[in-house]
Amino acid sequence: MFTTPFSKLSVAALLCVGAFTLSQPGLALAQVAGSTTTMDTHVSETTQVAMGWSVKKTLMGKTIYNDAGVKVGKVEDLIIAPDRNVSYLIVGAGGFVGIGRHDVAIAISQVQDKAGKLVLPGATKDSIKALPEFTYATDTSKRDQFVAAADRDIAKAKVTLSDLEKKAGNASAEAKAKMDLQVTALKEDIQSAEAKLAELKQASAVHWRDFETNVTAATQRLRKSVDKALS
C-alpha cells in the first residue's frame with residue numbers, strides 16, 4: 001500500500017536552498033535565533049532554485065487526495081529524518097478543528113504531484129487512521145492525559161475498596177463473605193493496574209505507547225471491579 005514514488009518533491013530539492021545560499025558570496029546574511037547558523041535574507045529569490053517548491057505555499061495545510069480524487073487527509077507538518085535521506089509528511093485524518101484528528105507519518109516518496117494536487121494512491125481515510133499515530137518526541141500531552149486518567153481510576157478504586165472494607169466489617173456473616181471476595185478481587189486489580197502504570201511511567205516519551213495496551217486492559221478490569229462493588 002502507498003508505494004508510488006513522489007517525483008518532484010524530494011529532500012534534495014528542499015535542502016538545496018540552504019546549500020545554494022551559503023555558497024554565494026556577497027549576500028546579506030542574518031543570524032538564526034538561538035544558533036550561530038546564518039542564512040540568506042533573500043529567501044524568496046533563492047527558493048526559485050528549489051524546483052519552485054515552497055513548504056509553506058505548496059505543502060502546509062494542503063489536502064491530500066487518493067487516486068480516485070477523494071480527500072483522505074491534510075498536511076500538518078514536514079519532518080526531515082536526521083540522516084536527511086528520508087522525509088515524512090505528517091498527515092492528519094478525521095477530526096474537526098484538531099479535535100479527534102489522527103496524525104500519521106507518510107514517507108514523501110509515497111506521494112505524487114498530479115496537476116498541483118497531492119495524491120496518495122490507494123489511500124482511504126480508514127487506512128490512514130489504521131496507521132500508528134504520530135506524536136512528537138517532545139510532546140508528552142497525550143501521555144500525561146492517559147496517565148492522569150489511569151491515576152484517577154486507581155484513586156477511585158482505592159476509595160471504593162476502603163468503603164467496601166468498612167461495610168464488610170459491619171455486615172452479617174453471609175454478606176461479609178461475599179464482600180470479602182469483592183475486596184480480594186478489587187485489591188488484586190488495583191495492584192495490577194498500579195504495576196502496569198508504573199512500567200509506563202518509567203518509559204520514555206517515545207516508547208510509552210508500548211505499555212498503553214497493558215495499562216488500558218488493567219484499568220478496564222479495575223473499573224469493572226469497582227462497578228461490581230458498588231452494585
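Residues: numbered from 1 along the sequence shown.
Evaluation of the side chain to side chain contact (heavy atoms under 4.5 Å, CB included) rule for V70 yields N66, A68 as partners, not counting sequence neighbours. Remark: T160 engages no residue in a side chain to side chain donor-acceptor pair (under 3.5 Å) (not counting sequence neighbours). Partners of K71 by side chain to side chain contact (heavy atoms under 4.5 Å, CB included), not counting sequence neighbours, listed by chain and number: T63, Y65. Evaluation of the side chain to side chain donor-acceptor pair (under 3.5 Å) rule for D180 yields K176 as partners, not counting sequence neighbours.
Closest approach of P132 to H102, counting heavy atoms only: C-NE2, 4.2 Å. Minimum interatomic distance between V91 and I106 (heavy atoms only, all atoms of both residues): CG2-CG1, 3.9 Å. S87 approaches I80 most closely through the heavy-atom pair OG-CG1, 3.6 Å.
Ion pairing between a basic and an acidic side chain is recognised when a charged N comes within 4.0 Å of a carboxylate O; R221 and E188 show no such pairing. Salt-bridge formation is not detected for the pair K196/E212: no Lys NZ or Arg NE/NH1/NH2 atom is positioned less than 4.0 Å from an Asp or Glu carboxylate oxygen.
Of the N and O atoms on the side chains of T124 and S127, at least one donor lies less than 3.5 Å from an acceptor on the other residue.
Residue pairs meeting the ring-ring contact (aromatic ring centres under 6.0 Å, His included) criterion with at least one partner in residues 147-185, sequence neighbours excluded, do not occur; the list is empty.
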Go through the steps to decide whether D151 and K201 satisfy the test salt bridge (charged side-chain N to carboxylate O under 4.0 Å, His left out), and finish with yes or no. CA-CA 11 Å; D151 278 332; K201 287 180 177 180; 3.3 Å; yes
Before giving the answer on side chain to side chain contact (heavy atoms under 4.5 Å, CB included), spell out for E133 and R209 the whole-Å C-alpha distance, their side-chain angles and the decisive distance to 0.1 Å. CA-CA 10 Å; E133 185 176 9; R209 285 193 179 278; 3.4 Å; yes
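If you chain together ILVMFWY residues whose side-chain heavy atoms come under 4.5 Å of each other, V147 ends up grouped with F146, I154, L161, L164, M179, V183, L186, I190, L197, L200, W208, F211, V215, L222, V226, L230.
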